[in-house]
Amino acid sequence: GEQVEQLPSSLIVQEGASVLINCSYTDSASVYFPWYKQEPGKRLQFIIDIRSNMERKQTQRLTLLFDKKTKHLSLHITATQPGDSAIYFCSASNYNQGKLIFGQGTKLSIKP
Amino acid sequence: EAAVTQSPRNKVAVTGGKVTLSCNQTNNHNNMYWYRQDTGHGLRLIHYSYGAGSTEKGDIPDGYKASRPSQENFSLILELATPSQTSVYFCASGDPGSSGNTLYFGEGSRLIVV
């Protein structure tokens, strides 16, 4: 079945810096890739998504890049703020099954 | 705002005991999911459902059963709890389709099996 890998597993940066989180998947049948953010002790919340017919999507300080050939995604966060401290999860879905497979998560810590 | 609520939020169970985790959604979503979250593993899918009366095995179903008696409710059942099932469990609801499958999560249920 589908496997989703994320790197790095953790990241510490100074406030205001940019970060890059990488994600790869194995199943070429996956067509939808949402990302979620989990603040400490809270539920997961959707932050951005991309479909396999797109290469790039941007919303505010988030840019999501998708390479279908290499089965790779990367999430770029600019001008980081303390509120960005969270675990970020990449996930992949085959519409037909409607289930999401998650990566292991990337713990991002922002130093004020 | 989509609403998914889980109960109990915290539970301590004894080895060999029965545990039921409940989930209720008011989104009128067809699909519901149970995941467990463990450090180093991210979220792993245990069971999911396409609607009332349906349950499907996820990636790690062993030791768990699921029940979907209605559109709104989805339960995860541990008939004989073991310490390896100590984890945080998340329920989610969603609807796949042309708009994708954004999931709405509950706040999690922390289970400790002693």
Side-chain angles (χ1 to χ4, degrees), chain A residues 1-10 21-27 29-54 57 59 64 66 73 86-107, chain B residues 1-7 9-10 23 25 27 29-51 54-61 66 68 74 87-110:
Chain A
E2 172 70 285
Q3 294 183 40
V4 178
E5 300 284 336
Q6 272 182 253
L7 286 173
S9 57
S10 64
I21 300 172
N22 295 294
C23 175
S24 61
Y25 65 100
T26 59
D27 189 352
S30 291
V31 295
Y32 175 63
F33 305 90
W35 288 65
Y36 290 81
K37 173 184 178 183
Q38 185 184 30
E39 296 176 28
K42 300 289 183 64
R43 71 183 79 201
L44 279 78
Q45 290 191 306
F46 168 83
I47 53 173
I48 192 170
D49 61 1
I50 196 164
R51 297 178 184 82
S52 57
N53 60 354
M54 302 168 65
K57 189 169 185 179
T59 171
L64 183 55
F66 175 70
L73 300 96
I87 302 176
Y88 291 80
F89 291 98
C90 169
S91 65
S93 172
N94 174 326
Y95 284 159
N96 290 337
Q97 290 188 316
K99 63 178 185 178
L100 288 182
I101 303 301
F102 285 83
Q104 307 96 314
T106 296
K107 183 176 182 179
Chain B
E1 177 75 19
V4 179
T5 55
Q6 295 180 226
S7 63
R9 294 290 315 282
N10 294 281
C23 179
Q25 56 110 351
N27 310 317
H29 287 153
N30 289 321
N31 290 14
M32 294 186 75
Y33 308 82
W34 276 106
Y35 290 88
R36 64 178 283 177
Q37 183 179 22
D38 304 286
T39 304
H41 290 280
L43 276 80
R44 292 181 289 174
L45 182 63
I46 307 170
H47 284 288
Y48 59 106
S49 168
Y50 292 125
S54 131
T55 60
E56 307 289 335
K57 292 181 179 180
D59 297 321
I60 54 164
R68 183 86 182 270
F74 189 39
S87 186
V88 181
Y89 293 85
F90 285 94
C91 175
S93 73
D95 263 335
S98 60
S99 62
N101 188 24
T102 300
L103 295 190
Y104 296 87
F105 283 84
E107 293 182 307
S109 295
R110 184 175 297 274

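Lettering follows sequence order; numbering is per chain, from 1.
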Look up atom [atom1] in [X] and atom [atom2] in [Y], then write down how far apart they are to the nearest 0.5 Å.
| X | Y | atom1 | atom2 | answer |
| --- | --- | --- | --- | --- |
| A/I87 | B/T39 | CD1 | OG1 | 7.5 Å |
| B/T102 | A/I47 | OG1 | CD1 | 11.5 Å |
| A/F46 | B/Y104 | CZ | OH | 8.0 Å |
| B/F90 | A/F102 | CZ | CZ | 10.5 Å |
| A/Q104 | B/R44 | CD | CZ | 10.5 Å |

For this session: May I ask you to test the B/L43-A/Y36 pair for a side-chain heavy-atom distance under 4.5 Å?
Result: no

Exercise. In terms of heavy-atom proximity below 4.5 Å to chain A, should B/Q37 be classed as side chain, backbone, both, or neither?
Worked result: side chain

Seminar exercise, completed: The interface call for B/D59 against chain A, heavy-atom contacts under 4.5 Å, is side chain

Exercise. Quick one: salt bridge (charged side-chain N to carboxylate O under 4.0 Å, His left out) partners of A/K57, sequence neighbours excluded?
Worked result: A/D49

For this session: Not counting sequence neighbours, which residues clear salt bridge (charged side-chain N to carboxylate O under 4.0 Å, His left out) with B/R110? List them please.
Result: none

Problem set entry | For the student: nearest non-hydrogen atoms of A/R43 and B/V4, plus distance | NH1-O, 3.4 Å

Problem set entry | A/Q38 versus chain B, the contacting section by heavy-atom distance below 4.5 Å | side chain

Seminar exercise, completed: Most contact-rich option vs chain A, by heavy-atom pairs under 4.5 angstrom, among B/G106, B/A92, B/G58, is B/G106

